[in-house]
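The structure displayed is predicted, hence computed values, not measured ones.
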Amino acid sequence: MSDIVREMLISHDVHETRVAILEERRLVELYIERPKRSVVGNVYLGKVRDVLPGMQAAFVDLGLDKNGFLYVDEVVAPEGVSDVPRRDIQSLLKSGQQIMVQVLKDPMGTKGARVTTEITLPGRFLVLMPFSAFVGISKKLPDDERDRLHGIIAPIMPEGLGVIVRTAAAGASQRDLENDLEFLLRLWRRVQHQAHEGLAPEVVYTEMDLALRMVRDAFSDDYKRLVVDDKRLYEKVVSFLKKTSPELMKRVAQHKDRAPLFQAYELQEQIDTATLRNVPLPSGGHITIDKTEALTAVDVNTGSYVGRKNLEDTILRTNLEAADETVRQLRLRDIGGIIVIDFIDMENPYHRGEVSKRLASALERDRTKTRATEISRLGLVEMTRKNVTDGLYGVLTEPCPLCNGEGRIVSDTTRRIAAERRIREILLTGRSAAYLLGLNPETFALVTAPGNNALAILRAETGRAVTIVADRDCAPTEVKVIIEGRGGVGELSNL
């Protein structure tokens, strides 16, 4: 059992379910499920819409907003198709064909869900692979335990089916494994029946809700406790563990205090860091996290930390803290894809080695698959982290309506100049002698600021009468013509 004290908290209300994982009382992972839940793990009877030889892929109608994307390497060859010299999507799939697929990645942005025909059904101790005659054991288990589990499961596997024994199976008895396998075999028969009777597009298997999924996939004797604040959900969790891991039931508790569960653990301030661009480090430095379409960049800065001895020690301490906090933020935000960490340059090779070890140690606690390179002489680390969902950032935030997600907005000066230029265009191209114009209240304040005599200059330049007012319905850079008149501005008020 790990020396780190781990706790899992599950909070449920009418709006959402939240699952928090704590290490030494610090929040390291947070998952949120709202009515529009993730579809990862769901199995669909889909219909092939388009086969694209140039991309060696196909689009599959799942009944969702966007078609699923199926790459050729994710296609299990159907019966009667074998010895294909080069994997060719056209020899495997045809437009209009009904196929069973499982979602690997949620739809993200403009992209549809990523799907596979290699179905996997997870249980507490096992993952059933109906199309793969393979027995695999988690590499996180010791060799002797892997041998023991292989000796139990291999002889009882039905011919033609495969299975992966999960890390949670450590110490599981033969009866535990047999019961889990029997459950998964019944489930697979039910999925097959649904697919046989169904009409594409249709969901034939829905993955467990977030709370039970996290209990099934993560909760183990590595956790000191599991606390649930909803009575019905608490009973569901206990019932699930009673069937799968009764020895863990004593670690489950229902939160009954008046203070909300997350408030009792003082988590809100830690949750707030999941949306910050700059995340502070204990010594006074900080890391800056910028997400782009292609990758996520993490930049390390000393900030206000000036150190006590010399520059090298200051840099080393900042980088060590950044290694821990970067991995924590990757887990907390569930950031996937390509990640580049820009540590502060270190001249001393020993210091680079220390930071590499700290980063590797932190990554060992990450349940999501990651790969990282060594620190370069420039202080760069390139890594990949399996990308499954849009991450916590995508759940908690939405693109800014002003900057469209760019993270920057038009400056006040640019905004003022654009408004004045648009007013000039209206006065020069219009046929009326007088105008009453509306501006966004903030833009109005910029144009009419003390010392800015733009309106007087425009009246003199164009020979037209013009008055502007604040209009809340105007966009930031919009100029709205409210009234046009033939006479002076004084006459506009009478129209």
| query | With no hydrogens and no angle check, is any side-chain donor or acceptor of Q90 less than 3.5 Å from a backbone partner on P53? | reply | no
| field | Which atom of E325 lies closest to which atom of R26, heavy atoms considered | value | OE1-NH2, 3.4 Å
| field | R365 side chain reached by R6 side chain, heavy atoms, under 4.5 Å | value | yes
| message | If you count every heavy atom of other residues, nucleotides or ligands that lies below 6.0 Å from L295 atom CG, does the total exceed 12? | response | yes
| Who passes ring-ring contact (aromatic ring centres under 6.0 Å, His included) against F69, sequence neighbours left out? | F59
| Contact summary for Y223 and A218, nearest pair of heavy atoms | CE1-O, 3.2 Å
| remark: For E374, the side chain to side chain contact (heavy atoms under 4.5 Å, CB included) test, sequence neighbours excluded, returns S356
| task | Not counting sequence neighbours, which residues clear salt bridge (charged side-chain N to carboxylate O under 4.0 Å, His left out) with E382? List them please. | result | none
| field | Pairs involving residues 339-370, ordered by first then second residue, that meet ring pair (Phe, Tyr, Trp, His ring centres under 6.0 Å) (sequence neighbours left out) | value | none
| said: Check this for me: E398, atom CD, are more than 12 non-hydrogen atoms of other residues, nucleotides or ligands nearer than 6.0 Å? | reply: no
| message | Test: side chain to side chain donor-acceptor pair (under 3.5 Å). Region: residues 233-243. Which pairs qualify, not counting sequence neighbours? | response | D209-K236
| field | Any residue meeting side-chain hydrogen bond (donor to acceptor under 3.5 Å, both in side chains) with E178, in chain and number order, not counting sequence neighbours | value | Q174
| said: With side chain to side chain donor-acceptor pair (under 3.5 Å) as the rule and sequence neighbours excluded, what pairs involving residues 334-343 come up? | reply: D334-R385, D334-T389
| field | Qualifying residue, where the test is side-chain contact (heavy atoms from CB on, under 4.5 Å) with R34 and the options are H15, R18, E16 | value | E16
| R225 side, atom CZ; R251 side, atom CZ - distance, nearest 0.5 Å | 10.5 Å
| note | Hits for ring-ring contact (aromatic ring centres under 6.0 Å, His included) against F134, two or more places apart or cross-chain, chain-then-number order -> none
| field | Distance, nearest 0.5 Å, that separates OG1 of T17 from CZ of R213 | value | 10.0 Å
| Atom pair OG1/CE of T318 and M346 - distance to nearest 0.5 Å | 10.5 Å
| task | Would you please name every residue forming a salt bridge (charged side-chain N to carboxylate O under 4.0 Å, His left out) with D299, sequence neighbours left out? | result | none
| query | Excluding sequence neighbours, so at least two apart, what forms side-chain hydrogen bond (donor to acceptor under 3.5 Å, both in side chains) with D229? | reply | S11
| Among side-chain atoms of Y31 and E29, is any donor-acceptor pair under 3.5 angstrom? | yes
Enumerate donor-acceptor pairs with a distance under 3.5 Å from any side-chain N or O in residues 160-170 to protein atoms, sequence neighbours excluded.
{"from": "R166", "atom 1": "NH1", "to": "G123", "atom 2": "O", "distance (Å)": "2.7"}
{"from": "R166", "atom 1": "NH1", "to": "D217", "atom 2": "OD1", "distance (Å)": "3.0"}
{"from": "R166", "atom 1": "NH2", "to": "D217", "atom 2": "OD1", "distance (Å)": "2.7"}
{"from": "T167", "atom 1": "OG1", "to": "S138", "atom 2": "OG", "distance (Å)": "2.7"}

| query | With distance as the sole test, does D176 use its side chain to make a donor-acceptor pair with the main-chain N or O of S173 at under 3.5 Å? | reply | yes
| remark: Across all chains, not counting sequence neighbours, the salt bridge (charged side-chain N to carboxylate O under 4.0 Å, His left out) partners of R216 are E207
| query | How about D13: does its CG atom have over 12 heavy atoms from other parts shown lying under 6.0 Å from it? | reply | yes
